[in-house]
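For the single chain, residues carry numbers from 1 onward in sequence order. Order of listing sets the numbers, starting from 1, for every ligand and every atom in it.
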Amino acid sequence: MGIVVQKYGGTSVGSLEKIKNVAQKVVSQHKKGDKVAVVVSAMSGQTDSLIKLAKGLVNSPDPREMDVLVATGEQVSSALLAMAIKEIGVPARSLLGFQIGLKTDKAFTKARIMDIDVDALMKVLNAGEIAVVAGFQGVTDEGDITTLGRGGSDTSAVALAAALNADVCEIYTDVDGVYTTDPNICHNARRLDVVSYDEMLEMASLGAKVLQTRSVEFAKKYNVKVLVKSSFQEGPGTLVTKEDSNMESPIVSGIAYDKNEAKISILSVPDKPGVASTIFTSLSDANINVDMIIQNVSIDGKHADMSFTVGVTDFDKAIALLKNLGKSLGAKDVLGDTNIAKISIVGAGMRSHAGIAARMFAALGKEGINIQMISTSEIKVSCAIDKKYLELAVRVLHDEFKLDKPGGAVA
Ligand code: ADP
Ligand code: ASP
Ligand code: MG
């Protein structure tokens, strides 16, 4: 008899029929004698609708109120799932963030988990009940509702599994595991039996939304065994775990993409010490994360153009801030482009192989896909390209690095 945490994403609880299906799965786990804590997302499309509702009212909704609003999605699905489980005849109880003391910091809309009241949860589990926890939400020390960023229910689940010292954290979703790339846009994508925390972390942070990045950080930190599976079909799924020497370590193990970044360029700022610091400090003070950055110095050596990417949700705020700042710095103009996408190749094997980036650029070039920005680390290479070529680029790179074959490409 162990403790199992199961998380069901939006599509898995997207209709009453699907909620009934989830209830059956949860109950069969409980019948095995395990203590079961379930984490649910909002029904599919619900969080988007709530955000749209707020944006229809005001341009930039107050983040505190936004969290009060969007957290309701998970309140609905947790109550419905608890009802469906009880209907089968098994005791269950819905629990909101505040009821399990899921404490976060005050960063509304992207809060971080600080603590969980394990005693409150264990009381429910020890009473033989299934705990149905509303994912994505938490509460500050002051009692304000917070949310954990888009896709945050994954993080609720892994954090719960860590706090409960659960045997496993099962993430049930609409695909049957983690693939070499998004199986919905590349039919040759291959399911991985095992993926290391580090590779999954890189894939997630580069856009593979199958797991929220922070959930993988948590899993790695607390050594939580995460199993990604389909809600709709049986199968082995993908185990996310510590790297071991037997794991396949191809040069490129996956391709990730992110359509949620936008490019901003500040043209012709003076090329002198302190300018970059002024620009990026203002952005970070406004809690805007910057990703890829390039700077070109003009031929006269006195001016520079700076381009970088920010999340699309921060785009309007960043443009407004930089138009102001640009004036005081003497910039010629500030331009924005939301038609970009970032495509990345990821692989621990890249550490020891030269020429992988060149091969990526050549494969994109052959298809006439222009590279607008580049960034690299020892286990990834990312390029910003025109959004309209994204799907083609994913398929081209998947072929180039032979990701449909176990072992992938060799040097
Ligand atoms: P949920 O609502 O269950 O949390 P998400 O939509 O957040 O589900 O995540 C699942 C989706 O992630 C899949 O439908 C798939 O399109 C996408 N995805 C992106 N990259 C990958 C990948 N490498 N492996 C599997 N799925 C991926
Ligand atoms: N409902 C939230 C979202 O759509 C959280 C989640 O699904 O994990 O982002
Ligand atoms: Mg998700």
Side-chain angles (χ1 to χ4, degrees), residues 6-14 18 22 38-52 66-67 69-78 97 109-111 133-138 146-160 169-193 195 199-216 226 228-232 235 237-238 240 252-260 313 341-347 390-391 394 397-398 403:
Q6 297 188 333
K7 177 255 171 178
Y8 292 90
T11 10
S12 308
V13 294
K18 287 180 174 161
V22 168
V38 188
V39 174
V40 281
S41 293
M43 295 170 79
S44 54
Q46 195 56 34
T47 310
D48 287 338
S49 306
L50 291 166
I51 293 172
K52 210 165 147 206
M66 203 60 195
D67 278 353
L69 179 71
V70 294
T72 60
E74 274 70 13
Q75 178 161 347
V76 170
S77 51
S78 59
T109 76
K110 39 186 159 188
V133 176
F136 185 48
Q137 55 174 262
T146 51
T147 63
L148 309 178
R150 296 308 305 269
S153 300
D154 297 330
T155 303
S156 310
V158 177
L160 231 66
C169 179
E170 298 174 341
I171 304 283
Y172 286 93
T173 182
D174 57 1
V175 285
D176 64 348
V178 178
Y179 277 70
T180 46
T181 192
D182 186 344
N184 287 321
I185 67 168
C186 179
H187 297 301
N188 289 337
R190 184 170 52 87
R191 186 185 53 78
L192 302 165
D193 289 323
V195 63
E199 280 177 333
M200 191 63 239
L201 204 52
E202 203 73 26
M203 289 277 277
S205 68
L206 293 168
K209 68 172 181 161
V210 60
L211 286 176
Q212 198 201 33
T213 308
R214 280 186 191 165
S215 71
V216 191
V226 174
V228 179
K229 296 180 100 172
S230 162
S231 293
F232 309 111
T238 299
V240 189
V252 176
S253 52
I255 294 168
Y257 66 87
D258 194 342
K259 291 189 202 169
N260 293 313
T313 47
K342 182 172 74 172
I343 179 156
S344 310
I345 56 173
V346 178
L390 178 67
E391 298 197 0
V394 169
L397 294 178
H398 200 271
L403 295 185

Student: Using a threshold of 4.0 angstrom between heavy atoms of the protein and any atom of ligand 2, which residues qualify?
Tutor: Ser41, Ala42, Thr47, Glu74, Phe136, Arg150, Gly151, Gly152, Ser153
Student: When you look at Thr147 and Asp67, which way does the side-chain hydrogen bond (donor to acceptor under 3.5 Å, both in side chains) test go after all the steps?
Tutor: CA-CA 6 Å; Thr147 63; Asp67 278 353; 2.6 Å; yes
Student: Within the distance-only criterion (no hydrogens, no angle test), does the side chain of Gln212 pair as donor or acceptor with the backbone N or O of Arg150 below 3.5 angstrom?
Tutor: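 Yes.
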Student: What is the minimum heavy-atom distance between Gly149 and Phe136, and which atoms define it?
Tutor: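 The answer is O-CE1, 3.1 Å.
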Student: What are the distances between nitrogen or oxygen atoms of ligand 1 and protein nitrogen or oxygen atoms, counting only those under 3.5 Å?
Tutor:
unit_1, atom_1, unit_2, atom_2, d
ligand 1, 2 (O), Gly10, N, 3.1
ligand 1, 3 (O), Thr173, OG1, 2.7
ligand 1, 4 (O), Lys7, NZ, 3.0
ligand 1, 6 (O), Lys209, NZ, 3.3
ligand 1, 7 (O), Lys209, O, 3.4
ligand 1, 8 (O), Thr173, OG1, 3.1
ligand 1, 14 (O), Asp174, OD1, 2.8
ligand 1, 14 (O), Asp174, OD2, 3.4
ligand 1, 14 (O), Asn184, ND2, 3.1
ligand 1, 16 (O), Asp182, OD1, 2.8
ligand 1, 16 (O), Asp182, OD2, 3.1
ligand 1, 16 (O), Asn184, ND2, 2.8
ligand 1, 23 (N), Tyr179, O, 3.0
ligand 1, 24 (N), Tyr179, N, 2.9

Student: How far apart are the closest heavy atoms of Thr47 and Ala42, and which atoms are they?
Tutor: OG1-CB, 3.6 Å
Student: Test side-chain contact (heavy atoms from CB on, under 4.5 Å) on Val76 and Glu74 and set out the steps.
Tutor: CA-CA 5 Å; Val76 170; Glu74 274 70 13; over 6 Å; no
Student: Taking all non-hydrogen atoms of both residues into account, name the closest pair between Gly9 and Ser41 and its distance.
Tutor: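 The answer is CA-OG, 3.5 Å.
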Student: Mind checking side-chain contact (heavy atoms from CB on, under 4.5 Å) for Asn184 and listing every partner two or more places apart, or none if nothing turns up?
Tutor: Val175, Asp182
Student: Does Lys209 have any side-chain contact (heavy atoms from CB on, under 4.5 Å) partners at least two apart in sequence or in another chain, and if so, which?
Tutor: none
Student: If you round to the nearest 0.5 Å, how far is NZ of Lys7 from CG of Leu211?
Tutor: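 Reported to 0.5 Å precision, the distance equals 8.0 Å.
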